[in-house]
Amino acid sequence: MPRKYDQLFETVRQNVDEVDVQALKSAIDNGDSKPFVIDVRERDEWEQGHVPGARFIPRGFLEMRIEEQVPEKDQPVYLYCAGGVRSIFAAQALQQLGYENAISISGGFGAWKDAGYPFDIPRQWTPDQRQRYSRHFLIPEVGEHGQGKLLDAKVLMIGAGGLGSPAALYLAAAGVGKLGIVDSDEVDLSNLQRQIVHSTSRVGEPKTESARTFVNDLNPDVEVVGIHERLNASNVLDLVADYDVVVNGADNFATRYLLNDACVILGKPIVDGSIFRFEGQVTVYKPHEGPCYRCMFPEPPPADLAPT
Amino acid sequence: MLPGVIGVLQATEVIKLILGQGDPLVGRLLTFDALESTFRTLKVGRDPECPACGAEAKLDASQVRDMDYQVSCELPIAGD
Ligand SMILES: [Zn+2]
């Protein structure tokens with residue numbers, strides 16, 4: 001006597017589109033836009049490796065979460081599991097939610113690995129990290145994948161002053177893995193009115209050390225590299241080369257031109273901020289995609305006009 | 001308070017660049033007037049003759065190392 005399950009599986013399967021892993025590979029490599037690939041397995045399976053670029057939604061959460069991840073119902077959605085069975089039922093569930101192109105991958109991740117295709121092994125999170133970044137994990141624009149990018153990122157901050165303080169705190173809180181902080185000053189009592197990374201007990205300390213103390217306490221995942229020097233023509237290229245993004249909080253023309261030239265040569269974006277009286281400005285100089293500082297300010301002002 | 005607003009906007013742009021999400025302020029200048037409580041964005045364009053990033057620019061590492069930016073930040077005009 002055939003099991004009810006076998007009948008159910010065959011019925012569902014007849015109404016679901018299936019393609020093999022070769023078709024999935026070429027959709028990922030050759031598609032005009034990145035296809036949505038959903039891994040519907042359980043967490044322990046996902047952690048041992050998954051199709052690159054796939055999103056992790058365990059079968060039990062699929063109906064609840066899919067509409068946040070894939071709002072467009074006419075988009076192709078490729079679903080895979082370990083062997084191609086759970087993904088059949090997953091595809092049926094998506095059809096019932098109105099997805100017009102829910103496709104199950106026959107053979108699943110097993111066939112993907114057997115074909116010799118590359119796979120990613122996701123970052124292993126400690127229980128503390130799971131809690132600390134739990135809000136990020138829930139945002140589709142960040143998620144575990146994005147949090148991994150943040151922890152792998154290296155940001156160079158020019159100045160731990162009025163702008164650098166809040167920027168450093170939020171970047172550290174968000175889990176940016178490495179913060180280089182360039183500042184040659186010491187903390188002064190008059191700084192504390194706005195430079196919130198420092199504190200009364202650290203007056204007199206180098207700002208790099210004071211900032212490190214605060215950041216380490218806020219988030220031990222963040223490595224702070226204190227560079228207790230002035231940025232100059234002989235150190236700028238070596239410093240910038242080690243980082244992905246530069247945040248400028250230094251308010252003088254010489255530093256802006258110096259940083260600009262180094263970042264144009266090295267192809268690194270600068271997130272620039274400045275304040276004049278009661279107005280503040282922010283822009284991003286991304287070499288060859290938008291203007292650089294010299295595009296906007298081709299003529300350096302005479303030295304005696306430059307504010308400090 | 002104003003440095004907090006601007007510094008946090010900078011941090012937000014950094015996160016967007018790292019994640020590859022949204023539209024970073026590339027080619028746009030965001031201004032915040034604290035007294036009026038207004039934000040504005042201005043479009044800003046590239047200068048094709050820019051001595052740093054223009055088509056004819058010949059800026060290189062040795063040029064940066066040899067300049068004294070405290071004395072003058074001027075680069076030779078492209079094409080010279
Ligand atoms: Zn330029």
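No hydrogens, no waters, no symmetry mates; every other heavy atom, side chains included, goes into these values. The shown structure was predicted, so the numbers you read here are calculated from the model rather than taken from an experiment.
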Open item on the list: If the contact rule is any heavy atom under 4.5 Å from chain B, which residues of residues 148-174 of chain A qualify, in numerical order?
Closed with: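 Within residues 148-174 of chain A, the residues under 4.5 Å from chain B are Lys149(A), Leu150(A), Ala153(A), Val155(A), Gly162(A), Leu163(A), Pro166(A), Ala167(A), Tyr170(A), Leu171(A), Ala174(A).
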- [ ] State whether Arg130(A) and Glu144(A) are salt-bridged, where the test is any N-O pair (Lys NZ or Arg NE/NH1/NH2 against Asp/Glu carboxylate O) under 4.0 Å.
- [x]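 Here Arg130(A) pairs with Glu144(A) in a salt bridge, since their nearest N and O are under 4.0 Å apart.
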Task: Basic-acidic side-chain contact under 4.0 Å: Glu68(A), Arg65(A) - done: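 A salt bridge is absent here (no side-chain N lies under 4.0 Å from a carboxylate O).
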For [Y], is there any backbone N or O sitting under 3.5 Å from a side-chain donor or acceptor partner on [X]?
X         : Y         : answer
Ser184(A) : His228(A) : no
Arg28(B)  : Asp23(B)  : yes
Gln10(B)  : Asn248(A) : yes

Relative to chain A, which of [options] shows the most heavy atom pairs under 4.5 Å?
options                      : result
Thr12(B), Ile15(B), Thr41(B) : Ile15(B)
Ala11(B), Pro24(B), Gly22(B) : Ala11(B)
Asp47(B), Ile6(B), Leu42(B)  : Ile6(B)
Leu19(B), Leu9(B), Asp33(B)  : Leu19(B)

Task: Contact list for residues 253-279 of chain A, test salt bridge (Lys or Arg N to Asp or Glu O under 4.0 Å), sequence neighbours left out - done: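 Listed by first then second residue: Asp251(A)-Arg256(A), Arg256(A)-Asp272(A), Asp261(A)-Arg294(A).
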Task: Option that, when pairs with chain B are counted at under 4.5 Å, heavy atom only, ranks first among His145(A), Arg194(A), Met296(A) - done: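 Maximum pair count with chain B is reached by Met296(A).
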TODO: For each of Val236(A), Leu237(A), Asn235(A), tally heavy-atom pairs with chain B at distances under 4.5 Å, and name the one with the top tally.
DONE: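 Winner by heavy-atom pair count: Leu237(A).
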Task: Modelled atom types, side-chain donor and acceptor of Tyr69(B) and Asn252(A), under 3.5 Å - done: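 There is no such pair (donor and acceptor under 3.5 Å, judged by atom type) between the side chains of Tyr69(B) and Asn252(A).
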